[in-house]
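Computed from a prediction, not measured in an experiment: that's the story for all the values here.
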Amino acid sequence: MKPLQISPETAVKLAEQLKVPLEHLMHMPQHILLQKLAELAKSTSSDTSDSESK
């Protein structure tokens with residue numbers, strides 16, 4: 001399996017957002033990364049909607 005084809009800056013930001021080590025992120029299968037990104041987006045949007053309703 002080849003590493004993800006993303007820029008170093010993007011990789012660092014994603015690792016911070018997903019709270020995973022950079023090495024794990026770079027060798028993470030693409031379908032798992034997409035799943036984690038979807039979960040992150042869902043939690044971020046629910047946090048945003050919660051704060052807007054208050």
Side-chain angles (χ1 to χ4, degrees):
M1 180 181 347
K2 64 181 178 176
L4 295 171
Q5 301 296 309
I6 56 177
S7 71
E9 295 85 11
T10 302
V12 169
K13 288 180 182 179
L14 281 174
E16 290 174 359
Q17 288 288 320
L18 296 173
K19 297 176 179 66
V20 296
L22 187 58
E23 296 81 16
H24 290 183
L25 176 76
M26 292 306 295
H27 295 285
M28 187 179 290
Q30 188 172 6
H31 69 280
I32 294 183
L33 176 60
L34 291 174
Q35 179 184 0
K36 288 187 176 290
L37 287 173
E39 291 170 2
L40 180 65
K42 187 176 181 181
S43 68
T44 302
S45 68
S46 68
D47 290 347
T48 305
S49 65
D50 287 346
S51 63
E52 288 176 356
S53 63
K54 290 181 180 177

Just how far is it from atom CG of Leu25 to atom NZ of Lys13, taken to the nearest 0.5 Å?
-> 14.0 Å
CG/Leu22 to CD/Glu16 distance, rounded to the nearest 0.5 angstrom?
-> 9.5 Å
Can you give me every donor-acceptor pair (side chain of residues 4-12, partner residue at least two apart or in another chain, under 3.5 Å) with its distance?
residue : atom : partner : partner atom : Å
Gln5    : NE2  : Pro3    : O            : 3.2
Ser7    : OG   : Thr10   : N            : 3.2
Ser7    : OG   : Thr10   : OG1          : 2.8

Could you give the distance from CG (Leu40) to CG (Leu14), rounded to the nearest 0.5 Å?
-> 8.5 Å
Looking only at heavy atoms, the pair that brings Pro21 and Ala15 closest together is C-CB, 4.5 Å
Taking atom NE2 of His27 and atom CG of Leu33, what is their separation to the nearest 0.5 Å?
-> 13.0 Å
Drop me the distance from Met28's CE to Leu34's CG, to the nearest 0.5 angstrom.
-> 10.5 Å
Pairwise distance CD(Glu39) to CG(Leu37) - rounded to 0.5 angstrom = 9.5 Å
